[in-house]
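Working notes, structure below.
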Amino acid sequence: MEKQPLLGFRRGIHNSENTEEKQTLITGAHDADVTVATERHYTKNLAFAIAACVCGSSFMLGYNTGVVNTPATIIKDFYNASYNKRQGTNSSKYLSTISISVLWATTVSVFALGGMIGGLSAGYWCNKYGRKGALLRNNLLHLISAALMYYSNFLNSYEMLIAGRLLVGICAGINSGAAPLYLMEIAPTSLRGFAGVFNQLAINIGILVSQILGLDSVMGTKDLWPYDLGATVVPIVIMLCSLPWCPESPRFLMLTAMDENKAEKALIWLRETEDVGEDMDEMKREAETQRMMPEFAFMDLFRNKFFREPLTISVVLQLTQQFSGINAVIYYSTEIFKTAGLSAHWAEYATIATGGVNVVMTLVSAFLMDRVGRRTLLLVGVGGLLIFSAILALSLILIKELNITVVWLPYLAIVSVICYIIAFASGPGSIPWFMVAEIFSQGPRSAAVSVSTMVNWFSNFTVGLVFPLLNELAIHQYSFLPFVALLIIFLNFIYRRVPETKGKTFEQISLLFRRPDMMVYESIIQQDSINTP
């Protein structure tokens, strides 16, 4: 096979048998062969593995994010009733309004706190038990949390509900690190973006299902809400019955467990073909590079200059996702619909409809991810978030603060919310979760995923804590303006610092950060990948 120096690059000649081309990149002490990956298509086994992974992990994250929001009033009544029953048969003692608010805030926020704990530990469990092993073991903890939340009503214990929320938050944190890792490492290069989006797609579906089940016409009633919280058992059982039939991540088996035979068998199962030599060769080259490097330690993420740049990108993308204001927009959407003249009942349904838009657009973005590219979708998505959050902020200021009664202003706010959701779903919602797994090599990958996941959950916690205070006690309708300012900063960062990873092998992406001047040749590598039939 022909090797070409990158500096003497010329467009390759591709024959009908998809001849593989290599370019030699001089990286200091040794040459690194970079292979342009052959385009592969989905197989039934790969689709089965993706579905088995996300149903009990990403779907659960989304479901538990939204499950307590719709029946919030009923759960607060449960707090009061439980306290009263503890005081005796004829007691007239009830919780104060402040106590109920504190308990409710704790119930909501402890989920994000658990997410931080779980997210930071995700890399450890993924390296200890493997990506698949971590996902399966995590669901045992999930069953305990589901039992705590379900039985809390029957035992009159809001402490059990809060403990269950903490445990399910830890589970969600581990899943939010392990699931993208598994998806990235089982998918071929040409389908990594498509597979990665399914993590966010399942999260959005989980949120939507929880909102629907939480309606008072479904399970959001005084008698049925414990079943709403306990319904998480269903996807857990599905995952425990399906994921064991799928293989462990081939990259984990090859590069961490050092079991070449099992890695090859896993690839054959996933690709449904014996022709996995290209994937094996790429992993062997990465293994050889890994052996030549010093053993990775967690603090190397911050000390090693080759890791600091991708770590900075990973962290900023997670900050972009959460500090874009997505949770604030969803939080405020029902009130915006009411302002447009909808009743409280129909405003609730309109909010659920925006969740449906989020699901549909995330699915659309899956088909664009490996065609348009991550960087392009991030720029378009964050640019859209900036534009529509600014329009939304201006609309709310005119309506609420200046009392301008132009008939079309409320509808402008509604359109802004919908367009904002579309922009978020087009890329900023899904890409931060899986791009961190793309831009790190095998050694630091799990640790980097842990750090970025923890940052995401911390940001989630911060927005959930600060935004209601800004909105209700401080700057009111102006509370969206900080998000607009942050989006300007994030958009500038993405434009200047985030490379395109579409169509590149993990080895190619790693080389982009090994030498600063490699960024100059990124477009050349990408162009060659596009030209490969």
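Note that the structure is a prediction, hence the values are computed from the model and not measured.
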More than 12 non-hydrogen atoms from neighbouring residues, nucleotides or ligands closer than 6.0 Å to CZ on F298, yes or no?
yes
Is there a donor in the side chain of N492 and an acceptor in the side chain of R496, or the other way round, less than 3.5 Å apart?
yes
Inspect the surroundings of CZ in F493 and state if more than 12 heavy atoms from other residues, nucleotides or ligands are less than 6.0 Å away.
yes
Partners of R445 by salt bridge (charged side-chain N to carboxylate O under 4.0 Å, His left out), sequence neighbours excluded?
E185
Against the six-membered ring of F434, is R374 placed for a cation-pi contact (under 6.0 Å from the centre, within 45° of the normal)?
no
I'd like to know whether F78 forms a ring pair (Phe, Tyr, Trp, His ring centres under 6.0 Å) with W225, so could you lay out the CA-CA distance, the side-chain angles of the two residues, the decisive distance to 0.1 Å, and finally the verdict.
CA-CA 10 Å; F78 154 70; W225 71 264; 5.0 Å; yes
S152 vs R165, test: side-chain contact (heavy atoms from CB on, under 4.5 Å). Steps then yes/no.
CA-CA 11 Å; S152 62; R165 289 286 292 173; over 6 Å; no
If the plane angle is over 60° it's perpendicular, under 30° parallel, otherwise tilted; pick one for Y129 and W125.
parallel
Give a yes-or-no answer on whether the side chains of T221 and D216 include a donor-acceptor pair shorter than 3.5 Å.
no
Give a yes or no on whether the ring-centroid distance for F483 and F323 is below 6.0 angstrom.
no
Relative to each other, are the rings of W104 and Y79 parallel, tilted or perpendicular (30° and 60° limits)?
tilted
Are V455 and M116 close enough that some pair of their side-chain heavy atoms sits under 4.5 Å apart?
no
Considering all heavy atoms of both residues, which atom of S446 and which atom of N127 are nearest to each other, and what is their separation?
OG-OD1, 3.0 Å
For the pair Q321 and F424, evaluate side-chain contact (heavy atoms from CB on, under 4.5 Å) and give the outcome as yes or no after the intermediate values.
CA-CA 8 Å; Q321 186 197 75; F424 181 81; 3.8 Å; yes
Taking the six-membered ring for Trp and the full ring for Phe, Tyr or His, determine whether the centres of F296 and F307 are under 6.0 Å apart.
yes
Between V382 and S324, is any pair of side-chain heavy atoms under 4.5 Å apart?
no
